[in-house]
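Every chain is numbered from 1, with letters handed out A, B, ... down the list of sequences. Side chains included, hydrogens not; waters and symmetry mates left out as well; all remaining heavy atoms used.
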Amino acid sequence: MQIMSELRVKIGEIAKRRGFYWKSYEIYGGLGGFYDYGPLGSVLKDNIIQLWKEHFVLKDGLLLIDSPNIGPELMYKASGHAEKFTDYMVKCKKCGHAFRADELLKSCMENPEKLDEKGLWKAIKENNVRCPDCGGELGYPERFHLMFTTQVGLNKKAFLRPETAQGIFINFPILYRLNREKLPMGVAQIGKGFRNEISPRQGLLRLREFNMAEIEFFIDPQADFPLGEEENVILPLLTREGKELKIKAGEAVELGILSSPIAYFMARSLKFLRALGIDENKLRFRQHFKEELAHYSRDTWDCEVLLSQGWVEVIGIADRGDYDLKRHMHYSGRDLTALRRFKEPKRIKIKKLRAKMDVLGPLFKGEAKKIAEIIDNMDYREGDIEIELNGKRVKVPENAYEIVFEEESIGGERFIPHVIEPSFGIDRLIYAVLEHSYYERAERGYKVLKLKPRIAPIKAGVFPLMSKEPLAKVARNIVTLLRNRGVNCYYDDSGSIGRRYARADEIGVPFCITVDHTTLEDSTVTIRERDSMEQTRVKIEELGDKLINLIEGNLKFEEV
RNA sequence: GCGGGUGUAGUCUAGUGGUAGGACGGGGGCUUCCCAAGCCUCUGGCCCGGGUUCGAACCCCGGCACCCGCACCA
């Protein structure tokens with residue numbers, strides 16, 4: 001563990017010195033839980049997001065949306081966050097120290113977390129709870145919100161979103177239509193989330209403003225969910241009961257350990273992490289304990305990665321059931337259901353009532369039309385009917401309506417879709433990638449980030465062997481040539497060639513191009529591969545193609 | 001939020017009541033120089049605020065941040 005926490009320090013040191021990330025607002029003394037991404041970190045983040053989009057949005061055919069960070073209070077009442085994302089605090093009137101109200105009451109009652117503020121206040125008084133620090137009298141419970149509040153316009157209360165998910169749920173009807181009213185439907189959103197953490201520590205791992213990539217996958221709970229080619233992916237699981245197993249996705253579903261959609265997204269996530277360069281031996285899916293589940297969740301599996309601080313959640317795959325759509329339906333009054341189509345439309349014969357206007361007209365005069373409408377919409381019944389009209393009870397005689405047989409064709413039934421939510425913590429992934437990529441060569445504490453070429457912020461360094469003409473000029477031309485091909489590269493002629501390789505290795509540059517004296521004779525340059533430190537010569541005119549193929553993974557270095 | 005620790009150049013660090021020294025890095029230069037080579041040269045620092053003092057990087061108080069533990073947490 002000693003070595004592990006040294007690793008965290010080393011990553012943090014490189015991050016700041018070379019420009020991956022650093023604490024925000026340092027010149028004003030800093031602000032906890034906020035980080036800046038520097039020139040390298042921003043590109044690394046972009047590359048990871050780009051890979052995520054390819055891996056999920058493109059390959060799983062997801063609908064990508066982008067909704068606001070600020071949302072109205074009512075929406076967060078509906079989502080449950082306004083209520084559940086709150087803790088009650090009590091402050092000591094004497095020493096001013098603050099405590100969580102339910103914590104103080106734990107010793108004298110059961111389930112204090114279920115109390116509202118009045119209940120808490122009553123319980124504190126009844127049990128004569130005093131300040132644990134000084135014994136002073138405690139004040140009235142106050143809310144401590146894990147959501148940041150703000151105001152829209154003059155006085156409309158609003159929140160900064162704690163997750164991007166709500167922006168997807170509330171748009172379900174539009175998205176469902178855009179998906180041509182078909183399920184399953186996956187919707188993705190990449191953006192920021194905000195949580196006013198009580199104690200944000202550990203660098204990028206616990207931020208108050210963080211980047212997330214979320215998928216809300218809407219399914220019909222009654223429909224099959226085929227795993228396809230993910231069936232044989234081997235998943236490392238740690239169940240709620242503490243069982244550790246490595247098992248094929250398909251088998252885990254058969255044994256009832258996982259539901260199909262959860263197994264599917266585990267397999268997909270595993271492949272994504274592999275592409276990022278996460279060490280597969282330091283990765284597991286851990287099932288949440290019952291009491292650990294978020295208020296909206298019925299089952300959750302965290303994908304955890306072993307880092308210097310222990311196992312850290314980087315992805316959460318939650319079964320949110322129909323919780324969110326149901327709540328938003330209730331609070332907004334809108335229809336958020338989907339249609340489950342029958343294989344063949346059902347034809348049903350129904351008995352209905354139809355008003356006879358020739359009888360109703362003379363009987364009820366001006367009110368006849370309204371009464372007829374009510375009768376037409378009534379379920380089948382017999383005998384005289386009593387209906388309410390403008391607060392009055394009205395008796396409609398049996399002969400004022402007739403019974404008709406109608407045949408209706410019903411194409412399907414409406415239901416509230418269930419949601420599977422794979423949620424990715426981008427900042428945590430960035431940190432995990434850095435830790436898992438870091439190693440030192442035997443000589444002189446030489447530091448290397450073995451970032452995969454696809455996500456490495458800089459793909460190539462171009463060096464003249466000596467900073468002399470015409471070598472330097474040729475090297476500069478190569479930089480221009482590569483940039484025109486879209487390869488992010490840089491020129492460096494400072495210090496010895498070894499030092500330039502070392503600088504490049506430390507920030508994960510996968511390939512270095514060197515212009516030497518041979519170049520002047522036959523227009524070839526060397527490509528040096530970062531991890532093997534081996535070199536090969538290629539013609540300048542082939543350099544662009546070969547480098548791009550190396551970066552994309554279409555070509556292995558040994559094949560060049 | 002509680003308890004303990006820490007805060008000196010970009011990074012790591014020496015110093016301790018008389019306002020800072022090193023190493024590495026970074027810039028420029030020299031050396032036909034392929035894995036942090038050598039030489040010359042330049043660059044740059046006491047977390048912030050208040051107090052004690054003739055004088056504070058050092059002592060005291062407050063703040064901010066970081067680390068360890070507890071608690072909390074998607």
How long is the straight-line distance from CZ of A/Phe172 back to CD of A/Glu216, given to the nearest 0.5 Å?
12.0 Å

B/A74 base stacked by A/Phe210? Criteria: ring centres under 5.5 Å, plane angle under 30°.
yes

Taking atom P of B/G25 as reference, at what distance in whole Å does atom CG of A/Asp492 sit?
13 Å

What is the distance, rounded to the nearest whole Å, between atom CG of A/Leu40 and atom C1' of B/G10?
14 Å

Rounded distance (Å) that lies between atom C1' of B/C66 and atom CD of A/Glu26
10 Å

d(CD1, A/Ile14; C1', B/A36) in whole Å:
13 Å

Between A/Lys10 and A/Glu506, is the closest basic N to carboxylate O distance under 4.0 Å?
no

Taking only side-chain N and O atoms of A/Arg503, does any of them lie within less than 4.0 angstrom of OP1 or OP2 on B/G26?
yes

Is A/Arg499 near enough to B/G25 that one of its side-chain N or O atoms lies under 4.0 angstrom from OP1 or OP2?
yes

Using OP1 and OP2 only, check whether a side-chain N or O of A/Lys16 sits under 4.0 Å from B/U11.
yes

Using OP1 and OP2 only, check whether a side-chain N or O of A/Ser494 sits under 4.0 Å from B/G27.
yes

Begin with the C-alpha distance, continue with both residues' side-chain angles, and end with the deciding distance and a verdict on side-chain hydrogen bond (donor to acceptor under 3.5 Å, both in side chains) for A/Asp427 and A/Tyr21.
CA-CA 10 Å; A/Asp427 312 277; A/Tyr21 61 86; over 6 Å; no

Is A/Ser423 touching bases, backbone alone, or none of the nucleic acid, heavy atoms closer than 4.0 Å?
nothing

Could you label the plane-to-plane angle of the A/Phe148 and A/Phe194 rings as parallel, tilted or perpendicular, counting under 30° as parallel and over 60° as perpendicular?
perpendicular

Looking at A/Lys468, does any N or O in its side chain come under 4.0 Å of the phosphate oxygens OP1/OP2 on B/U32?
yes

Side chain of A/Ser496, heavy atoms from C-beta onward: which of B/C34, B/C66, B/A37 has the nearest atom to it?
B/A37

Mind calculating the distance between CD (A/Glu13) and C1' (B/G26) to the nearest angstrom?
14 Å

